[in-house]
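Encoded as structure tokens, the structure appears first; notes follow it.
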Protein chains: 2
Amino acid sequence: MDKRSEQKAKTRIKLINAALELSSTKGFAALSLREVAQAAEIAPTAFYRHFRDMEELGLSLVDEIAVSLRRLLRNARKNSEAKDLSSLTRFSIETFIEYVNENANLFRLLLGERQGASDTFRAALRKEIDLFVVELSEDLDRLAVMQNQKLRHSGYAAEAIVTIVFTIGAEALDLPPFKQEALKIRIVEEVNMILRGARETSRVKTKR
Amino acid sequence: MDKRSEQKAKTRIKLINAALELSSTKGFAALSLREVAQAAEIAPTAFYRHFRDMEELGLSLVDEIAVSLRRLLRNARKNSEAKDLSSLTRFSIETFIEYVNENANLFRLLLGERQGASDTFRAALRKEIDLFVVELSEDLDRLAVMQNQKLRHSGYAAEAIVTIVFTIGAEALDLPPFKQEALKIRIVEEVNMILRGARETSRVKTKR
DNA sequence: CATCTCAGTGTACATACGTAAACTCACTCC
DNA sequence: GGAGTGAGTTTACGTATGTACACTGAGATG
């Protein structure tokens, strides 16, 4: 590869990381172009060689989130063979919390900017989350078949699960490791609740 | 009441509303003292007669959210007599969506600043949400008794429900009214899923 | 090798920021 | 009714912001 464009790519990454780093403490909306440039160790005006403005940088961050989420999904699937649903749930959530810890800044951005940010920004994030929900929904269906069970509207179940896991999981970010254990249990419990509720019981005990 | 402090209270409210208004588009963290003062139609330096800095204003906004949430809960309860659980769920969620629409800015702040903001800010919001969860949890218990049912860990159920309702409900903010109907159905469906999963079935079908 | 390209720099400017200080003047209070 | 109070204003400051413009110099190109 070009030595020139290689160097450019490097600074671009420096900018992205700087923005990620800074946004985790004060929120992306509060970042200034200059402070990002400074953190990336370039002159303010060099910023424009990479992005038109802060909004465009923001969209690149969303891309970053997107590939990161896909990696997460891929990893979770790879290790999900030949397990029963309950230990699979537990395992997936551990994978997830691990991911959250490793990508704290990305994750903070993902959740923090769902509200508040610009329309473009918000829409881009929504799209990524929806995609994640769809994938999980398909996994749930696949799994139900494998286990000879029926789920009703796995779509709703998936959305509910993603909402819970993402939102409660975000709290892990501010917690010391030893407290994260309790959090995991809470999440597992709640996800199981949803799965139980989604399961089509062979004969439901109706009161009347 | 004092004519003087009456006037002061009025400007204070103007400041709070201005901040609320502005924060809904760009996020609270991105607000400057000067623009809030300008929106409230006072000189920038008069801001200090009311708050030490923007952080203190923020905490007042959280207070505003707190009383607003309590009002919501009170209203929902007042109209919840003599209903079965499923229509009660539906009704509560309609009340909630109505509330969200009427307090759009407060609500955006509540959700948007859960991440991102300062520690004090975040902690204050967390406290309010937790309180809400506790109240809902008690309501669930009370209801279960009334209907002669058993719930397991209503606490988890309440947390899951609040998370779902708040997060998905927040999407209503960006939706035209005619699309909000579909959203309500989604929420109702997911909440019912959780409630079904939380219900202690008289005899659980265990595999082994 | 001469020339071109372009990521990054340095300087400059208008504008917005937070806040200190000294002020005004409608009000409260004795 | 005269003194004191305090919400709000005006002026002023040092600092940070976004961005235009002219530049440099290492690396690509023919």
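Letters go in sequence order (proteins before strands), and every chain restarts at 1.
- Going from atom CG of Asp2(B) over to atom C1' of dT5(D) covers 11 Å, rounded to whole Å.
- Inspection of the Ser68(B) and Tyr99(B) side chains reveals an N or O donor paired with an N or O acceptor under 3.5 Å.
- Applying the side-chain hydrogen bond (donor to acceptor under 3.5 Å, both in side chains) definition to pairs two or more places apart or across chains, those involving residues 27-53 of chain A are Lys26(A)-Glu35(A).
- Residue Ser32(B) places none of its side-chain N or O atoms closer than 4.0 Å to OP1 or OP2 of dA16(C).
- Here dG18(D) is the nucleotide among dG18(D), dT19(C), dG8(D) with the atom lying nearest to any side-chain atom of Tyr48(A).
- His50(B) places its NE2 atom 14 Å from the P atom of dG6(D), with the value rounded to the nearest Å.
- Counting heavy atoms from C-beta on, the side chains of Asn101(A) and Gln180(A) come closer than 4.5 Å.
- By the 4.5 Å heavy-atom criterion applied to side chains, Asp174(A) and Arg122(B) are counted as neighbours.
- Within residues 4-20 of chain A, the residues having any heavy atom closer than 4.0 Å to DNA chain C are, in order of number, Arg4(A), Gln7(A), Lys8(A), Thr11(A).
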Under 3.5 Å, which N/O atoms of the protein pair with N/O atoms of nucleotides 11-13 of chain D?
none

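- Both Glu35(B) and Phe47(A) lie close to DNA chain C; mapped to their nearest nucleotides by heavy-atom distance, the more 5′-ward contact belongs to Phe47(A).
- Per the geometry, CE belonging to Met54(B) stands 12 Å off C1' belonging to dC17(C), to the nearest Å.
- Remark: C1' of dA22(D) and CZ of Arg49(A) are 12 Å apart, rounded to the nearest angstrom.
- Residues Tyr156(A) and Arg186(B) meet the side-chain proximity criterion, which asks for heavy atoms closer than 4.5 Å.
- Taking atom NZ on Lys26(A) and atom P on dA16(D), their separation rounds to 12 Å, with Å as the unit.
- The CD atom of Glu41(B) sits 13 Å away from the P atom of dT10(D) (whole-angstrom rounding).
- Counting non-hydrogen atoms under 4.0 angstrom, Asp53(A) reaches nothing in the nucleic acid.
- Using a cut-off of 4.0 Å between Lys/Arg side-chain N and Asp/Glu carboxylate O, Lys127(A) and Asp130(A) are scored as not salt-bridged.
- For the 3.5 Å distance criterion, the side chains of Asp84(B) and Ser87(B) qualify, holding a donor opposite an acceptor.
- With contacts defined as side-chain heavy-atom distances shorter than 4.5 Å, the pair Leu72(B)/Phe132(B) qualifies.
- Ring centroids of Phe91(A) and Phe96(A) are separated by 6.0 Å or more, keeping the two rings apart.
- Protein atom NZ of Lys3(A) is 18 Å distant from nucleotide atom P of dC6(C), rounded to whole Å.
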